[in-house]
Structure formats: structure tokens, C-alpha cells
Amino acid sequence: MSSNEIFALRKQGRAAEALEMARAEYASNANDVWFLRAYAWVLYDQAKKLVEAYEQQRLSAGALTGRLTPCMREFTEIANPLRKDSAFSQMIRLAGKVSKDWQWFLGFAHWAGVDDFSDEDKAAFVNDQGKTLDSLQRRFTRAICREAAAQAADPEADASLIDWGLGILDQALQDDPGDQWLNYYQSKLHLAQGEADLAIKRLAPVLHRQSRATWPWALLGEILEATRPGEALICYTHAAQLAREEQEVAKVRIHLAQRLALEGSFNEAAQQASLALKYREEHGFKVPQELAQLLASDWYQQAVASNKLQNLPNVQAAANALLHDLDRQSLTYTKGVVDHINAEKALSYVATSIDAGFALLHRKYPQLAALPPGTLVEVGRATPEGPPLDWRRSEAQSLPGLCETLSGTLKRQADKDFAFIRTGRDDVFVPPALATVFAQGQRYDVSCLAIRRTNKQGKTGWRAVSVIEQACQPAVDSI
């Protein structure tokens, strides 16, 4: 039997016959790539119907696992020669669509791996709306990382698959340390492992990039709930107030109601529980036990009966203040010096080495604008390659090799608006703004605050940012 016959049956809509024939002839055609393609596409049709039924809510998560898993296992048994083939890609896409609820997803992903993708599947693409989307490889890798992190604390999960998935997460973070989703999953993993400080450190840059999204604030609430319940309440409240669709906070409202009840804010708690119930009733969803307990409480019944359900005040200012406070605890700070101020662009440039630094906008860091060049500061970042997220004054008195106080003899030559200070170690360039106060043809004993930098031509040297004349009389230069 040829692959053409299986393709023909598939085209005629006779999928069951096509699959039966493919199974019957597989043993004698296991090395025929076209036969394998025909077999794989029949399995794809079967899997696609199940995924669509699930997406249309005609199939439960349990039923999906029970029916999809045998189909996908059969695919893995015949499809090794089809890696990088279009059938392989399409099965990967289907698996990714149901990865959150299909219980054998990590088992399938372990077979598939993250390396056998075609060049097309490794590249980002532009959809019909003109939006650039991540590659299939990146999306599949993230799904693996998400599920491994989510199941890491599940005692019933396959430990070997979890370890493999967490290895994928670790490597993915090394390859792309700034990926917000990978950092989010790593934060959830730290939380599951009881590492709250590390969870916050991973989540902080995500919160900055997605400060108007519900999900990072909800996770921060979970992280803080055990040790800082008051701040957790702020996070849950802010998450609920940011939501654009009720499904975003279906679970958050339950946590929020529980926390409010513990704080004695029963009318506010009743409002959140009521909204959580309304969403589930409108969509025909089951009421979880923790919500049912809230609805059965005396304070909820009393609030509903007396129509005293109460909304919460806006907490955006408190949430922003909390985030700033957490930044200082979770960021890694690098010492630097204010090198110069660009008034036109309204920024201060902080040098952290002779050839590196950060441009900090005054609109974001207004207090920095008042600091003159030569001020020592520290710049905070969430990751070694990440953007600056905070700054503070440094307690250091100098930065050897970068910013130091040097003493020597200043000499300004005739017809020059700049000068040099000769020290026992290096010469220091004095720019016109500082040099013109010194007379030409004379020498001065001075001390200066200087910054060592590499210019655009690749030359490294010291530049004075302030000069103080020592208490002595200038001497006429005899040269």
C-alpha cells in the first residue's frame, strides 16, 4: 500500500480507514518517509479535532488527556524520522495549545526536545495583523519551562520529567536572561521551593515591564502572603483593580477576599467573593471549595442581606511605593560616578568603568538632576545585563582608577583655553569651563576631582570635574 492511498483516503474524509491502513502497513514501510508523513497527517487530524473540541469547551481537561495522549504517543512511536518536517511542527503547535491542561504534555515535550525545529520554526514571524510573534521554538520552550515550574512542588509529578524541564528553564535563562516569561516562571519556582527573596528578585524586572498587568502583581501577592500579609493585600487589590477582563482575576478575588476577611474588612471581602461567584455563574464554572467557604460565612451572608458590599479604594500609589521598596532589596547595585549632565536631553550619565555606564533620564530620576559631576552613586539592576531600575548615593569616598582626588601643578599655555595638571602619576585634562579662571603662562599648585574615561578615539585619560587651588602664590612660568 502506498502513501498516496492513505493521503487519498484522508482527503476523502475517511480518516478511520486511512489510520487503519497506516497501522497495518507500518512495519513494512517504517523507513519510507512519505509513508510516515501520510501516517502522521492522519494522526494530526485526529489530534486537531480533540484540541478544537477542548478549545470550544466541548471536552473537559480530563477527557482531553484521556483521548489525546494515546494519539500523541502513537505519533512519537513513528515520527522520529520526521523531525523538522511540517507534520512534526504542526503536532508541536497542537501540543503547545493545550500544554496547560494536557497532563502528558511534558512527556511529549521530552520526546520532542527543543532542538529539532526547522529554520522557519526557529524564526519569529509576522501575523495577519502585522504583529511580530515569537518563534514556535521559543513558545514551545516557554511552555516546557512554565509547566515544569508549575509542577515542581507536585509530589505526584514525574520527577525525571520535572528535572528535565527545569534544566530547559535554566538553559533558556542563560540564553536569554531578560526574557520576562522565563523570569516569571523562575520566580514561581522559587516560591514553590520556599525561596521568597529569590522569587521577588526574579519578579522585580517583570513587574517593571508589566506594571499595568494583573498577573505579576498577583504572583507578588502570593510571595508576600506568608510573611508580609499587609503588603500582599495591596498586591491582590492592585491586581484586581488593573484587570481588564474578569477572567484575569477569577482566582485573585478569592485570595483577596480571604485576606480582607482576615483583616476584618468583611464588607469589602464580601464584594470580592460576590464578584468571584458572579463570574463562575455567568460561565457555568464550578465553585471551588475555598470560594464556597467564603460564601457560607456569617459575615458574607450579613453583608449581602444588608446590601453592604463595599468596593476597595484605589491602591496604585501604595503599590508603586511597595515596588520601589522591593527594588532596593532585590536589585544588585554597581558603584559609579556622575560623569556629565546633558541638559538638552535631560539626563545624567553615570560612568561605572572607563568605558561603560548608564544614561539616567531626569524625568524618571528627578533628584539625580541636582547632583554635579563627580558625585559617587550606585545604580541598581535586576540582572547583570538588565536596564537600570534605581539609584542611590554611594558611601564610598573614591573609586580607584575611575574617580579620584589628585594633586599636582596646573599649567595653562598661552593662547589655550584648556589646561593640564601634572601629577606624580598621570596628567589630568582640565576643560575650558574650569581652566579659564587660571591665568596663562603661570603654574598653580592644585588638587582636583578627576574621572578616568576612554574617549571616542580610544584614548584613556583623566578629566577634572572640579579644581581647587592650594594656598600658595602662583609662580611665573619661565619656560
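Each residue takes its place number in the sequence, starting with 1.
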With the side chain counted from C-beta on, respond yes when Lys100 and Arg146 share a heavy-atom pair under 4.5 Å apart, and no when they do not. yes

When rounded to the nearest 0.5 Å, the distance separating CG of Leu219 from CZ of Arg202 is 13.0 Å

Distance in Å, Lys201 NZ paired with Ile223 CD1, rounded so as to fall on 0.5 Å steps: 14.0 Å

Ring centroids only, cut at 6.0 angstrom: are Tyr54 and Trp102 within range, meaning strictly under it? no

Whether Arg139 side chain and Leu133 backbone form a donor-acceptor pair below 3.5 Å: no

Considering only heavy atoms from C-beta outward, does the side chain of Phe438 approach that of Val446 to under 4.5 Å? yes

Surrounding CZ of Arg425 (heavy atoms of other residues, nucleotides or ligands, distance under 6.0 Å), is the total greater than 12? yes

Side chains of Gln272 and Leu312, heavy atoms from C-beta outward: is any pair under 4.5 Å? yes

Taking it one step at a time, do Met72 and Met91 satisfy side-chain contact (heavy atoms from CB on, under 4.5 Å)? CA-CA 8 Å; Met72 298 299 264; Met91 285 299 228; 3.9 Å; yes

Would you name the heavy atoms of Phe75 and Ala40 that are closest together and state the gap between them? CE1-CB, 3.7 Å

Can you tell me if Asp355 has over 12 outside heavy atoms packed within less than 6.0 Å of its CG? yes

Taking every non-hydrogen atom, the tightest pair across Arg381 and Gly386: CD-O, 2.9 Å

Distance-only, no hydrogens or angles: does the Ser187 side chain make a donor-acceptor pair with backbone N or O of Ala199 under 3.5 Å? yes

Check whether any side-chain N or O of Asn183 sits under 3.5 Å from a backbone N or O of Pro177 as a donor-acceptor pair, and report yes or no. yes

Under 6.0 Å from the six-membered ring centre of Tyr333 and within 45° of its axis: does the NZ or CZ of Arg392 meet both? yes

Greater than 12 external heavy atoms within 6.0 Å of Gln289's CD: no

NZ/NE/NH1/NH2 to OD/OE distance under 4.0 Å, Arg452 and Glu404: no

Just do the side-chain contact (heavy atoms from CB on, under 4.5 Å) check on Leu136 and Ser89 with the steps written out, would you? CA-CA 8 Å; Leu136 175 61; Ser89 297; 4.2 Å; yes

Among Leu224, Val252, Val249, Leu260, whose side-chain contact (heavy atoms from CB on, under 4.5 Å) with Tyr236 holds? Val252

Taking the side chain as everything from C-beta on, heavy atoms only, tell me whether Leu262 gets closer than 4.5 Å to Pro229. no

Name of the residue among Thr237, Leu233, Leu322 meeting side-chain contact (heavy atoms from CB on, under 4.5 Å) with Val315: Thr237

Proximity of Phe420 and Phe429 rings by center, below 6.0 Å: yes

Quick one, Leu323 and Asn320 - any side-chain contact, counting heavy atoms below 4.5 Å? no

Taking every non-hydrogen atom, the tightest pair across Glu268 and Asn311: CG-O, 4.2 Å

Out of curiosity, Gln258 CD to Leu294 CG, how far, rounded to the nearest 0.5 Å? 5.5 Å

So Gln103 and Thr69, side-chain contact (heavy atoms from CB on, under 4.5 Å) or not? Walk me through it. CA-CA 8 Å; Gln103 293 181 16; Thr69 299; over 6 Å; no

Which distance, rounded to the nearest 0.5 Å, do you find between the OG1 of Thr76 and the CZ of Phe108? 7.5 Å

Trace of the side chain to side chain donor-acceptor pair (under 3.5 Å) decision for Asn267 with Gln271: CA-CA 6 Å; Asn267 293 338; Gln271 170 71 343; over 6 Å; no

Compare all side-chain heavy atoms of Val467 with those of Glu469 and state whether any distance is below 4.5 angstrom. no

Side-chain (Tyr349) to main-chain (Asn342) donor-acceptor, under 3.5 angstrom: no

Please say whether the positively charged group of Arg83, taken as NZ for Lys or CZ for Arg, lies over the ring of Trp111, i.e. under 6.0 angstrom from the six-membered ring centre and within 45 degrees of the axis. yes

Can you tell me if Glu120 has over 12 outside heavy atoms packed within less than 6.0 Å of its CD? no

If the plane angle is over 60° it's perpendicular, under 30° parallel, otherwise tilted; pick one for His283 and Tyr279. tilted

For Pro216 and Leu203, which heavy atoms make the closest approach, and how far apart are they? O-CD2, 3.6 Å

Value rounded to 0.5 Å, distance of CG in Leu326 from CG in Leu207: 8.5 Å

Rounded to the nearest 0.5 Å, the CD1 atom of Ile341 sits from the OG1 atom of Thr375 at a distance of 8.0 Å

Residue that, paired with Phe358, satisfies side-chain contact (heavy atoms from CB on, under 4.5 Å) out of Ser348, Pro388, Pro387: Pro388

As a quick check of understanding, evaluate side chain to side chain donor-acceptor pair (under 3.5 Å) for Ser407 and Ser447, giving each step before the final call. CA-CA 4 Å; Ser407 297; Ser447 66; 5.0 Å; no

Gln137 to Asp115 - nearest heavy-atom pair and separation: NE2-CA, 4.3 Å

Take atom CD in Gln57; do more than 12 heavy atoms of anything else shown fall under 6.0 Å from it? no

Do the side chains of Arg142 and Asp179 get close enough for a salt bridge, i.e. N-O under 4.0 angstrom? yes

Neighbour count >12 (heavy atoms, 6.0 Å) for atom CD, Glu263: yes

Other residues, nucleotides and ligands only: do more than 12 of their heavy atoms fall within 6.0 Å of CD on Glu246? yes

For the residue pair Ser211 and Leu242, what are the closest heavy atoms and their distance? O-CD1, 3.7 Å

Lys122 atom NZ: more than 12 heavy-atom contacts under 6.0 Å: yes

Any side-chain heavy-atom pair from Val206 and Trp215 closer than 4.5 angstrom? yes

Is there a donor-acceptor contact under 3.5 Å from the side chain of Thr214 to the main chain of Ala239? yes

Can you check whether Tyr300 reaches Ser274 side chain to side chain, under 4.5 Å on heavy atoms? yes

Using a strict 4.0 Å threshold on nitrogen-to-oxygen distance, state whether Glu222 and Lys251 make a salt bridge. no

List the steps and the verdict of side-chain contact (heavy atoms from CB on, under 4.5 Å) for Leu406 and Ile421. CA-CA 9 Å; Leu406 303 173; Ile421 300 172; over 6 Å; no

